[in-house]
Amino acid sequence: MFLKIKNKIERELNHYILSIDKLYSLSKISPVLSENIKDFISRKGKRIRPILFVVGYLGFAKKAAPGLYRSAISLELLHDFLLVHDDIIDKSSTRRGKPSMHEMLNKYLARYKNIKFSGQDLSIVIGDVMYAISLHAFLSIKERSDRKEAALKRFIDAAMYTGSGEFIELLSGLKSIDKITKPDIYKIYDYKTANYTFASPLGIGAILAGADQTQIDRLFKYGIYLGRAFQIKDDILGMFSDERKIGKSTLTDLQESKKTILVWYAYQNCNKKNQLTIKNILSKKNVVNSDLLKMRRLTVESGALDYAKGEISSFIKRAQKLNVSFKMHPRYKHMLFQYTGEILKL
């Protein structure tokens, strides 16, 4: 059933891309602006956020309101806006298997000489435009105005908390790994990932459908647990997968000195020599593939990989207990259980 929802989301996103110039006259303002936005938002993705938005809504609504799927893709547009800015911060050259936004724009600017701005500068502006159009798309659903207002506030909160999570994650990069605690890491996970990927999409959908506050709060907590599990899975893939599978460089997290659960546990459970190795890798200006291979070895030898997988299982179990208490329509309650289990599978 969730595949049907995803297919509807893909169709709506395609329709939106075709109508984007008519809606906002972007091609008249700048063909470069229009074409780069359309290229970026058309790339293949999991569509987790809009899917959960739709499930959260249909789980409590009597029927689908007009504009539901156009409103749902606003979560994908929000995600794209955040990715554009995130790639600038991470200095990542790829996204979803293609050049990142700033790389595309740097290539476009290469034909000009003595320019005083870069593709990164243009990408910051494009990200801002994408955030604006995500808000516009969100308002498409034909629902009661009080519900839309409450849901819009939650939507804006999701953007604000995600930015805050990015901010504190960057500052954590200034700290030595021995000064980082497990609660520090989960605070970043909750704000940067769990809130806008799981908790807010589910909660926003439920708010629009008129669910009571108890159900909304439980969905939000459910989303935080799943978001933590999802981020740990992402950390594992970032450490042990390859660039073709994850669509970005496997060196990114180490290059940015990100303090993940994997790195934290490995450091806590290594001897002094290996602790020094981890510190040295995290402090390097330019991380290379041999550093990644060392971290992989230390992650496995220290038990960090097994520990991280155990954390994923623990958060999934906590989420499953909450799922039992949801007063959603049974088919969507079951769908939520199935879908989240599928995307968290390693």
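These values consider heavy atoms only, across backbone and side chains, with no hydrogens, waters or symmetry-generated copies.
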Is any side-chain N of the basic residue among [X] and [Y] closer than 4.0 Å to the acidic one's carboxylate O?
{"X": "D157", "Y": "K153", "result": "no"}
{"X": "K259", "Y": "D184", "result": "no"}
{"X": "R43", "Y": "D80", "result": "no"}
{"X": "D21", "Y": "K38", "result": "yes"}
{"X": "K107", "Y": "E103", "result": "no"}
{"X": "K327", "Y": "D212", "result": "no"}

Could you check whether the rings of H334 and F337 sit parallel, tilted or perpendicular, using 30° and 60° as the cut-offs?
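If you compare the ring of H334 with that of F337, the planes turn out parallel.
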Between [X] (side chain) and [Y] (backbone), is there a donor-acceptor pair under 3.5 Å?
{"X": "T277", "Y": "K273", "answer": "yes"}
{"X": "S134", "Y": "Y131", "answer": "yes"}
{"X": "D39", "Y": "E35", "answer": "no"}
{"X": "N280", "Y": "L276", "answer": "yes"}
{"X": "E143", "Y": "A209", "answer": "no"}
{"X": "S314", "Y": "E311", "answer": "no"}
{"X": "D90", "Y": "S92", "answer": "no"}
{"X": "K148", "Y": "L139", "answer": "yes"}
{"X": "S34", "Y": "S30", "answer": "no"}

Got a sec: does the [atom1] of [X] have more than 12 other heavy atoms crowding it under 6.0 Å?
{"X": "H329", "atom1": "NE2", "value": "yes"}
{"X": "K333", "atom1": "NZ", "value": "yes"}
{"X": "F315", "atom1": "CZ", "value": "yes"}

Where at least one partner belongs to residues 213-231, residue pairs that pass salt bridge (charged side-chain N to carboxylate O under 4.0 Å, His left out), sequence neighbours excluded:
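Matches after skipping sequence neighbours: D190-R228.
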Using the rule given for side-chain contact (heavy atoms from CB on, under 4.5 Å), can you reason through V55 versus Y339, listing the C-alpha separation, both sets of side-chain angles and the distance that settles it, and then say yes or no?
CA-CA 10 Å; V55 173; Y339 178 64; over 6 Å; no
Near-ring test Y161/Y196, centroid separation under 6.0 angstrom:
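No, the ring of Y196 stays outside the 6.0 Å limit from the ring of Y161, centre to centre.
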Quick check, are the ring centers of Y222 and F326 under 6.0 angstrom apart?
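When the ring centroids of Y222 and F326 are compared, they turn out to be within the sub-6.0 Å range.
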Just how far is it from atom [atom1] of [X] to atom [atom2] of [Y], taken to the nearest 0.5 Å?
{"X": "I261", "Y": "I188", "atom1": "CD1", "atom2": "CD1", "value": "10.0 Å"}
{"X": "Q215", "Y": "Q213", "atom1": "CD", "atom2": "CD", "value": "10.5 Å"}
{"X": "I185", "Y": "I232", "atom1": "CD1", "atom2": "CD1", "value": "9.5 Å"}

Looking only at heavy atoms, what is the nearest atom pair of S100 and D87, with distance?
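Minimum heavy-atom separation between S100 and D87: CB-OD2, 3.6 Å.
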What pair of heavy atoms forms the shortest contact from I278 to A266, and how long is it?
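Nearest pair, atom of I278 first, then A266: CD1-C, 4.0 Å.
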Test item: side-chain donor near acceptor, Q120 and N106, under 3.5 Å
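Q120 vs N106: donor-acceptor pair found between side chains.
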Hey, are N14 and E10 close enough side-chain-wise for a donor-acceptor pair under 3.5 Å?
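No, N14 and E10 have no side-chain donor paired with an acceptor closer than 3.5 Å.
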Side-chain heavy atoms of M101 within contact of R95, under 4.5 Å:
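No; the side chains remain at least 4.5 Å from each other.
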Do the side chains of T260 and I236 get nearer than 4.5 Å, heavy atoms only?
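Of all side-chain heavy-atom pairs linking T260 with I236, none is under 4.5 Å.
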Could you tabulate the donor-acceptor pairs under 3.5 Å formed by side-chain atoms of residues 65-77, not counting sequence neighbours?
residue	atom	partner	partner atom	Å
R70	NE	E12	OE2	2.7
R70	NH2	E12	OE2	2.9
S71	OG	F138	O	2.7
S74	OG	S71	O	2.5
E76	OE2	R47	NH1	2.9
E76	OE2	R96	NH2	3.0

Please determine which of L208, L135, I207 meets the side chain to side chain contact (heavy atoms under 4.5 Å, CB included) test together with L152.
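So, applying the side chain to side chain contact (heavy atoms under 4.5 Å, CB included) to L152 and each of L208, L135, I207, only L135 qualifies.
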